[in-house]
Each structure stands twice: as C-alpha cells, then as structure tokens.
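Shown next, in structure tokens, is the structure this report addresses.
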Amino acid sequence: MIQITFPDDSKKKYKEGITIEEIAGDISPGLKKASVAGYVNDALYDLNRPIIEDATIQIITKNDKAAFEVLNHSTAHLLAQAVKRLYPDATFGVGPAIDEGFYYDINTESVIKEEDLEEIEKMMHRIAEEQTEMTRKELSKEAALNLFEDDKYKQELINDLPEDETISVYSQGEFTDLCRGGHIGYTHKIRHFKLLSIAGAYWRGDSDRDQLQRIYGTSWFTKKGLKKHLKVLEERKERDHRKLGKELKIFHLDKDAGQGLAIWLPNGYAVRKQLEDYVYKLEKKAGYKHISTPALGTKKLYEISGHWDHYRENMFPIMERDDETFVLRPMSCPHHMIVYRSELRSYRDLPIRYAEIVTQHRYEASGALSGLERVRAMTLTDAHLFVRKDQIKEEVLAAYNLILQAITDLKLEIEYVELALRDKDKGKFHDNDKLWDMAETTLKELLDEENIDYTPMTGEAAFYGPKIDIQVRTAMGHVITMSTVQLDFLLPERFDLTYIGSDGEKHRPVVIHRGLISTWERLMSILLEQYKGAFPTWLAPVQLKIIPVNLELHSDYAKKLNDQFIDEDFRSELDLREEKLGYKIRDAQTNKIPYQLVVGDNEIDANKVTYRKYGKKKQTTVSVDEFIAMVKQEIKDKT
RNA sequence: GCCGGAAUAGCUCAGCUGGUAGAGCAACUCACUUGUAAUGAGUAGGUCACGGGUUCGACUCCUGUUUCCGGCACCA
C-alpha cells in the first residue's frame with residue numbers, strides 16, 4: 001500500500017500502482033470523467049501511469065490550464081501515428097503543445113499538401129476510435145537509441161538528453177514515440193480537434209539543417225470549445241491590418257514601387273501625423289532635443305560604428321560616386337554619435353537626449369515581409385541618450401516610463417518584457433567582455449530594483465549591447481517588439497566620445513538607444529488590429545462627417561459647421577454627394593468615422609447638431625458649442 | 001532566404017475534366033431629392049501576374065520568373 005496525500009492535506013492509502021484516473025474515480029465518477037492527468041510529487045503524470053510510492057498528488061481536470069497542454073500534446077502523438085500510417089517513410093522531429101494547440105514536424109519523401117490534412121484528420125479519428133491505451137515505458141539510453149535506429153532525428157534528441165534524465169517512450173497501438181510524457185492515457189479521449197495548416201520548419205530551428213514539414217492543429221475537450229476557437233481564428237482575419245488598411249485606405253503596397261516599401265495614403269498619413277506630433281510633444285516634455293540627419297551616410301561612418309561588420313547583411317548594397325562609398329542608413333545611431341561629437345561636452349551638459357524622426361532602410365529577408373508589420377523602409381522617432389555612468393539607471397528608467405506612457409495612451413497592452421542578452425558563443429556580438437558584463441548587470445539590477453518582471457533572452461542582444469524589449473501581442477497572435485531601451489558602452493568607444501568631468505579629465509559617456517513605440521509602419525499595423533480600424537477620435541483620419549438631410553436646403557448650414565470645425569482643428573468633412581441619406585450614413589459607418597452628424601431643419605432652427613458615435617445607434621442632439629467642447633475633451637483625453 | 005500554397009475588372013470573388021471570361025460593390029450617365037446602414041435604370045471596364053512550352057486551340061496542362069499568403073529562419 002502507498003499513501004496518497006491530496007492538495008487539502010487529506011491522506012488515503014491505495015494499492016501500489018494505482019493511477020490518477022483510478023484515484024479520481026475513487027473520489028467521484030464526475031471527477032474521473034473530468035480528469036486529464038496529474039501531478040505526482042510535482043512531476044507531470046499521465047492519467048494512466050502507475051504511482052508506485054507515497055506521493056502528494058494533484059489531479060488535473062479539463063478546466064486547468066495544464067489540461068489543454070496535455071490534450072494537445074497527446075493529439076500531436078495521434079497526428080504522428082496517423083501520418084505514419086499514411087506515409088510509412090515518415091520520421092518525426094518534435095511535436096509539442098503550443099499556446100493554442102500543437103504541431104508536429106515530419107520528414108517524408110512525400111509532399112504533404114493542405115488538402116491532405118483532411119485525410120490525415122480522418123485517420124486520426126479512426127485511430128481514436130480504436131480506443132488504444134497510451135502506455136509509458138522507461139528505458140536505457142542504449143535501448144532507446146536501438147529502438148529509434150532508423151530515425152536520425154530521435155537519435156539526435158536522445159543523444160542530447162542530459163545523462164541523468166530518464167528516457168521514456170510512449171506507445172499507442174503500433175506507434176511508439178520518444179516522449180517525456182504527460183498524456184491523456186487513451187486515444188479515444190481525443191475527439192475535438194482540427195488540423196489547421198502545413199508549413200516548413202527547420203530541424204531544431206537551424207536554417208542550415210533539414211527542413212521538415214510542420215502540421216499545426218488544435219485540440220479541445222468539447223465540440224463547443226473547438227468551434228469557439230475556430231471562430232476566434234476567423235475573427236482574427238477580420239482585424240488583419242492588411243485587410244483593414246486596404247478597406248480604410250491607410251496604406252498601399254505595390255510591386256512596382258518595391259516589395260516591403262509601403263506607401264502611406266492620406267488617411268494613413270493623417271493618423272501618423274497625429275502620432276508624430278504626439279511623440280514630439282512627449283519627448284519635448286521629457287527633455288529631448290530634436291535633430292535631423294541624412295538617410296545616406298558614408299560607408300566609413302558605418303565601419304566606425306561597427307554596423308558594417310555586424311549588420312551588413314541587413315543593409316542595402318553600397319553606392320559609389322566619385323571617390324566615396326555610401327550606404328543607406330539602417331539605423332540612426334552613427335549620425336547621433338557624430339552630433340554628440342560635434343561639440344566639446346561637459347559633465348554638466350549630460351544627460352543629452354537626441355531624438356529624430358528617422359527613415360531607415362533595411363534589407364529584410366523577402367519571406368519576412370508582411371504588410372506594415374515587416375517592411376524595408378521604416379520611419380520612427382529614434383532617440384539616443386548620452387549619459388554619465390551615474391545617470392544610467394535614472395535615464396533608462398525614465399525612458400522605460402516614457403514608453404509605458406505611450407503604450408498606455410495608445411491603449412495597448414504589454415505582453416511581457418524581455419531582457420536581451422548576448423550569447424558569448426555567437427560571433428555577432430562585439431567582444432569586450434568587461435563592457436558587456438557591466439551593461440548586462442546594470443540592466444538586470446534596474447529591472448530587479450523596479451520590480452519589473454522580465455524574461456531573459458540569451459543571444460538576442462544588439463551587437464553593441466543588451467536591451468530591454470517590450471513585447472506586445474498582435475491581434476493575429478504574433479508577439480512583436482514594440483519598444484526597446486538598449487544600453488551601449490561600445491559606440492562611445494568607437495566614436496571616441498568624451499566629456500570633461502568635474503576633475504577636468506576626459507570621461508566616456510554611455511549611450512542609451514531608445515525606440516519608443518516601434519516604427520510608424522509597425523505601430524500602424526498594431527493599432528489597426530487593436531482598434532479594428534475604428535481609431536479613437538484623437539487619431540481618426542476623419543473625425544467628423546457632416547451629412548445634410550437635403551442638399552438644397554441644408555448644405556449651407558453643413559458648410560458653416562464644417563468651417564467652424566476646421567477652425568477648431570477638427571478633421572471634419574462634408575458629404576455633399578448626390579446620394580440618398582441612408583447611403584451616406586452607411587458610408588460614414590463603414591469608414592468607421594467617430595462622429596457622424598446629420599443636419600436638417602431641426603438643427604438649423606436651434607443651431608444644434610445631431611450626432612451619432614461610431615458603432616452606436618443612439619442619436620444625440622446638442623448645441624454646436626456643447627458638441628465642440630465634448631469632442632475637444634475627448635481628443636484631449638485620448639479616449 | 002527556405003518549405004508549401006495562391007495570383008481572374010479598382011475591390012471581393014465565380015468560372016466543371018482545354019473551345020479566347022462572369023457576378024456584386026466601386027466608377028461613369030440619366031432619373032429620383034431623401035431624417036440615421038445600400039433608390040432605380042443604363043454604360044463602360046479584363047494581354048485571366050509576366051515569359052517560354054505542349055496543343056488545331058491554353059485562364060485551364062507543363063516550365064521559368066515576379067508578387068502575395070501560411071509557416072520557418074531573421075527581426076523594429
């Protein structure tokens with residue numbers, strides 16, 4: 001007999017070899033049905049894995065977060081078994097559960113197509129109906145290597161396992177897979193799933209190695225859950241910034257203009273201008289000075305900065321004219337170093353904060369380009385802060401808080417904060433260990449002191465230094481970098497930047513690179529998805545649309561209002577087209593204009609307006625002055 | 001860049017196994033002159049992404065290129 005301790009500290013004796021499923025069944029039939037797996041002394045156990053010693057257990061039920069992972073991981077195994085039946089030559093890479101489902105990487109001579117997924121799915125259902133048990137077996141490394149002797153991927157995985165790690169395999173029917181486990185025990189418990197897509201993926205994420213075929217899918221405990229998720233996927237497409245950007249005439253991409261080279265249309269530029277003005281004001285208040293430097297610079301400038309050595313592959317090819325070689329700038333830091341260097345600086349001058357609206361060009365891999373999210377020409381307000389060492393923390397923190405301010409004002413949410421560190425084994429980082437350690441330690445300390453949760457990311461640093469990256473999740477579910485604060489001890493060295501200290505000696509300043517809210521391109525993609533194209537009034541390309549009920553009778557009043565609104569700095573437009581009222585109203589609504597004003601006799605008589613807020617049915621009649629005050633307040637509040 | 005898919009009117013899409021293209025919306029014309037999501041009638045609009053091939057004949061089949069889409073790698 002063994003003693004099982006439950007989360008509430010109650011204890012009960014069971015025969016050795018009892019499973020989570022049996023214990024759940026002992027408590028209640030309902031719990032048995034809802035149980036998915038369990039934690040046994042904090043280790044994830046399959047539903048049907050025998051427990052052989054005294055243990056504290058916790059039953060995972062369908063509603064627990066871990067349950068979804070277990071189910072999806074098990075579904076990945078089911079997928080692999082089905083694929084193996086249909087494609088006997090198939091070998092497998094990894095097949096984990098992910099946020100919203102699972103995938104499995106497959107190597108086969110056959111090319112699996114989108115249309116084949118249906119057949120694979122059918123086979124999965126058939127296997128599930130066979131009601132096979134998923135059983136665990138632990139074995140020695142030697143035995144494991146033997147078992148997978150025809151599978152180079154599994155061999156590699158086994159050889160890379162730590163020596164003390166237990167090697168386990170899971171079998172269901174004829175199919176056996178290397179796996180750490182945490183399974184649902186029986187194939188027939190997997191019922192509501194869908195295969196979603198097929199894509200290429202490099203073995204172990206290494207572009208120099210094999211490319212496998214990756215099948216993505218999602219698996220749920222109920223039909224309703226699956227259906228709901230599929231609907232979410234559908235709805236995401238509706239807020240795709242590429243679709244909204246076209247519908248609302250925000251931007252245009254044209255292959256004759258060049259791939260990844262986005263064109264801002266009037267509506268898009270109207271929004272961007274508001275953002276530019278907003279950021280300018282924010283920076284001015286925070287003590288930044290704005291400058292302007294060229295998009296073109298000498299190759300030498302980028303050799304000094306180190307970009308030529310470390311970033312060349314992301315740069316457009318050089319241009320030669322007379323005896324000079326030029327490059328299109330991918331970043332603005334080198335120019336800002338030059339600006340700093342242009343005068344003699346005193347310790348009293350620091351911190352110096354330079355900001356610039358910069359258009360930069362980067363040669364991004366063609367396959368990476370996507371709408372406004374990844375482009376080859378991008379504009380942002382970039383900034384570099386030149387500080388003394390004793391000012392680092394204060395200035396990094398101030399920059400971080402400025403970022404928080406912008407993210408809050410834009411109603412965005414931070415997904416998580418990354419601390420990007422270097423990987424000493426990778427060559428892409430400059431090699432001054434002392435500077436690196438100093439920079440990394442400083443940032444870590446700061447984040448800890450401020451109680452900011454962060455995820456360390458080894459190898460993700462910029463070549464010149466570590467960075468704090470602020471990640472947001474797009475409506476499409478992608479996590480992307482929104483803002484960044486980077487600490488740089490290298491460029492001051494390379495440009496020989498100095499200031500005169502209180503001791504009369506030359507000292508080295510430190511540079512903080514700061515990206516506030518990404519580039520206008522990326523920000524626009526995020527905002528379009530965030531707002532579903534319905535911009536808040538302060539950003540909307542057109543804020544007010546005035547529609548006269550009758551063109552002959554009410555146009556004069558509409559024009560008068562429009563003039564007045566434009567004098568108030570509102571972005572107001574008149575709709576004087578010879579169309580029906582209903583048509584114009586629909587047009588204003590489909591263009592997601594915040595305020596739609598219909599004016600007729602009632603309004604003229606009382607010098608009032610009747611407005612309808614976008615998305616709302618309610619009509620409100622107020623005096624013109626009241627309306628102006630209300631909209632002004634709303635713009636001010638950024639709501 | 002890599003793996004897979006796609007490309008038909010300004011936009012969204014139909015077009016079965018080869019017989020040179022169609023709808024809705026938008027545009028234009030005419031009539032209608034309107035109180036909160038599409039007035040009606042008509043007109044025009046296409047080297048079916050581009051190049052090469054197979055064929056009596058190619059939007060359709062083969063092939064190359066370009067761009068876009070789903071991922072991977074890369075990244076703001």
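We name chains A, B, ... by the order of the sequence lines, and we start the count at 1 in each one. Fair warning: this is a prediction, and the values are worked out from it, not measured in the lab.
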Query - Atom pair distance, as rounded to whole Å: CD in A:E247 and C1' in B:C13 - result: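 The answer, rounded to whole Å, is 14 Å.
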What nucleotide among [options] has an atom nearest to a side-chain atom of [X]?
X      : options             : value
A:Y583 : B:U67, B:U39, B:A76 : B:U39
A:N550 : B:U33, B:U66, B:G71 : B:U33
A:A365 : B:A73, B:C75, B:U36 : B:A73
A:K113 : B:C2, B:G5, B:C74   : B:G5
A:S197 : B:G35, B:C75, B:G70 : B:G70
A:Q259 : B:G35, B:C68, B:C74 : B:C68
A:R214 : B:A76, B:G4, B:C72  : B:C72

Requested in this report: For RNA chain B, write out the stems as range with range, using runs of 3 or more consecutive Watson-Crick or G-U pairs with both distances under 3.5 Å.
Outcome: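 RNA chain B stems, ordered by first number: B:1-7 with B:66-72, B:10-13 with B:22-25, B:27-31 with B:39-43, B:49-53 with B:61-65.
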Query - B:U12 phosphate, OP1 or OP2, under 4.0 Å from A:K246 side-chain N/O - result: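 Indeed, a polar side-chain atom of A:K246 lies that close.
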Report task. Taking A:E356 for its side chain and A:T293 for its backbone only, find out whether a donor-acceptor pair lies under 3.5 Å. Result ->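 Yes, the answer is positive, given that a donor and an acceptor are paired below the 3.5 Å cut-off.
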Query raised in the report: Once the angle between the rings of A:H307 and A:F463 is folded into 0 to 90°, is it parallel (under 30°), tilted (30 to 60°) or perpendicular (over 60°)?
Result: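 It falls in the perpendicular class, over 60°.
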